[in-house]
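Reviewing the structure listed below.
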Amino acid sequence: MGQPESREGEQKPLPPGQRLQRGWPVTHYGPVPKFKPDRWDFRVFGATADGEKHSWDHEEFTALPYETVVGDLHCVTKFSMLGAEWGGVLARTVLELAPPASDVTHVMVWAEYGFSSNLRLSDFEAPSTLFATHRAGELLTAEHGFPLRLVVPQLYAWKGPKWVRGVEYMTTDRRGFWEERGYHNLGDPWKEQRYSYQEEPGEGPEL
């Protein structure tokens with residue numbers, strides 16, 4: 001977090017315990033879902049400012065403003081891919097189109113098969129947080145999350161799910177899929193926040 005941008009693969013400081021990865025390994029849990037564009041939608045729900053649910057079909061979502069960001073990908077399995085160029089829809093764009101209520105503090109990002117990951121609103125609205133459709137100008141492959149994956153460069157990669165389908169605005173925090181299974185609630189690679197037993201008071205949801 002706070003490290004200088006670089007071109008893809010260029011060496012720069014790595015978070016503790018990480019190693020530089022050339023190329024992009026495929027890592028995920030469970031099967032690769034089949035994309036059905038006529039059934040796909042992206043939803044925003046929960047504590048929205050207007051109390052309504054918002055949704056876009058695939059054609060509508062891909063018509064939203066396209067932006068690119070350069071950001072690293074740090075996997076909790078200890079590889080790091082540096083300076084990747086990602087293209088897609090900024091999380092900030094979604095927040096502008098479907099604003100959260102004033103008391104929202106966290107979001108839950110939902111993906112296929114009920115997979116989820118929780119984020120602080122401050123991480124979600126960061127300038128480099130992106131719903132990615134492309135990497136290096138090419139469409140994502142299905143194995144890498146097509147049609148949509150979340151990229152949160154300042155956090156470990158599990159915080160950016162593949163095959164995203166929506167966002168839930170929350171006024172209190174709760175753990176997502178991997179967080180319920182022993183991973184750190186915040187996931188900052190520069191602090192090496194890998195596992196829940198490392199959590200300090202205040203870093204996890206109140207019981």
When rounded to the nearest 0.5 Å, the distance separating CG of Leu186 from CZ of Arg120 is 4.5 Å
Spacing of Lys78 atom NZ and Arg19 atom CZ [to the nearest 0.5 Å]: 8.5 Å
May I ask you to test the Tyr183-Arg194 pair for a side-chain heavy-atom distance under 4.5 Å? no
Hey, is the main chain of Asp41 close enough, under 3.5 Å, to the side chain of Arg165 for a donor-acceptor pair? yes
Examine Phe35 together with His58 and report whether their ring centres are nearer than 6.0 Å. yes
Spell out, yes or no, whether Phe146 and Val69 are grouped together once hydrophobic residues are joined by side-chain heavy atoms under 4.5 Å, including indirect joins. yes
Determine, using the 4.5 Å side-chain heavy-atom cutoff (strictly less than), whether Leu155 and Leu73 are members of one ILVMFWY cluster. yes
Any heavy-atom pair between the side chains of Glu59 and Trp40 that's under 4.5 Å? no
What are the two closest non-hydrogen atoms of Glu67 and Leu130, and how far apart are they? O-CD1, 4.0 Å
Looking at side-chain heavy atoms only, is the closest gap between Glu143 and Lys162 below 4.5 Å? no
Begin from the C-alpha positions of Thr105 and Asp173 and carry the test side chain to side chain contact (heavy atoms under 4.5 Å, CB included) through to its verdict. CA-CA 7 Å; Thr105 58; Asp173 192 15; 5.7 Å; no
Thinking salt bridges, do Glu200 and Lys191 make one under a 4.0 Å N-O criterion? no
With the side chain counted from C-beta on, respond yes when Val44 and Trp56 share a heavy-atom pair under 4.5 Å apart, and no when they do not. yes
So, taking the atom named CG in Asp103 and the one named CG in Leu121, what distance separates them when rounded to the nearest 0.5 Å? 11.0 Å
Has the side chain of Gln18 got a donor or acceptor atom that lies under 3.5 Å from a matching backbone atom of Phe79? yes
Salt bridge present between Glu179 and Lys159 (N-O < 4.0 angstrom): yes
Salt bridge check: are Glu60 and Arg43 linked by an N-O gap of less than 4.0 Å? no
Using modelled atom types only, decide if a donor and an acceptor are shared between the side chain of Trp86 and the backbone of Phe131 within a distance under 3.5 Å. no
Within the structure provided, determine whether Glu125 and Leu95 are in side-chain contact (heavy-atom separation under 4.5 Å). yes
Test salt bridge (charged side-chain N to carboxylate O under 4.0 Å, His left out) on Glu199 and Arg175; report intermediate values, then the result. CA-CA 13 Å; Glu199 291 173 10; Arg175 296 180 189 271; 2.8 Å; yes
Using the side chain to side chain contact (heavy atoms under 4.5 Å, CB included) rule, take Lys53 and Thr48 through it: C-alpha gap first, then chi angles, then the decisive distance, then the call. CA-CA 7 Å; Lys53 298 179 181 178; Thr48 59; over 6 Å; no
Which heavy atom of Trp158 sits nearest a heavy atom of Gln193, and at what distance? CH2-O, 3.7 Å
Do Asp123 and Thr129 have side-chain heavy atoms sitting under 4.5 Å apart? no
Yes or no on side chain to side chain contact (heavy atoms under 4.5 Å, CB included) for His106 and Thr172, after CA distance, side-chain angles and deciding distance? CA-CA 7 Å; His106 293 77; Thr172 58; over 6 Å; no
Looking only at heavy atoms, what is the nearest atom pair of Val104 and Ala47, with distance? CG2-O, 3.3 Å
Is it true that Leu140 and Val164 fall in one hydrophobic cluster, defined by side-chain heavy atoms closer than 4.5 Å? yes
Would you say Phe124 ends up clustered with Phe45 if hydrophobic residues are merged whenever their side chains have heavy atoms under 4.5 Å apart, either directly or through other cluster members? no
For His74 and Pro189 the tightest heavy-atom approach is CD2-CG, 3.9 Å
Hey, can you tell me if Phe115 and Phe177 have their rings parallel, tilted or perpendicular (30° and 60° cut-offs)? tilted
Measuring from Leu82:CG to Arg22:CZ, what's the distance to the nearest 0.5 Å? 8.0 Å
Arg135 with Glu85: basic N within carboxylate O range, under 4.0 Å: no
Looking only at heavy atoms, what is the nearest atom pair of Tyr156 and Glu192, with distance? OH-CA, 3.5 Å
With a 4.5 Å cut-off on side-chain heavy atoms, are Phe61 and Val89 touching? yes
Begin from the C-alpha positions of Lys34 and Glu112 and carry the test salt bridge (charged side-chain N to carboxylate O under 4.0 Å, His left out) through to its verdict. CA-CA 10 Å; Lys34 292 182 179 179; Glu112 298 285 1; over 6 Å; no
Hey, does Asp57 have a side-chain heavy atom less than 4.5 Å from the side chain of Phe42? no
Neighbour count above 12 (heavy atom, 6.0 Å) for Arg39 CZ: no
Are Val152 and Met81 joined in one hydrophobic group, where the rule is that I, L, V, M, F, W and Y side chains link up if heavy atoms are under 4.5 Å apart? yes
Nearest heavy-atom approach of His184 to Tyr195 is CD2-O, 3.4 Å
For the CD atom of Glu180 and the CG atom of Asn118, what is their distance to the nearest 0.5 Å? 9.0 Å
How far does OH of Tyr66 sit from CG of Leu90, to the nearest 0.5 angstrom? 11.0 Å
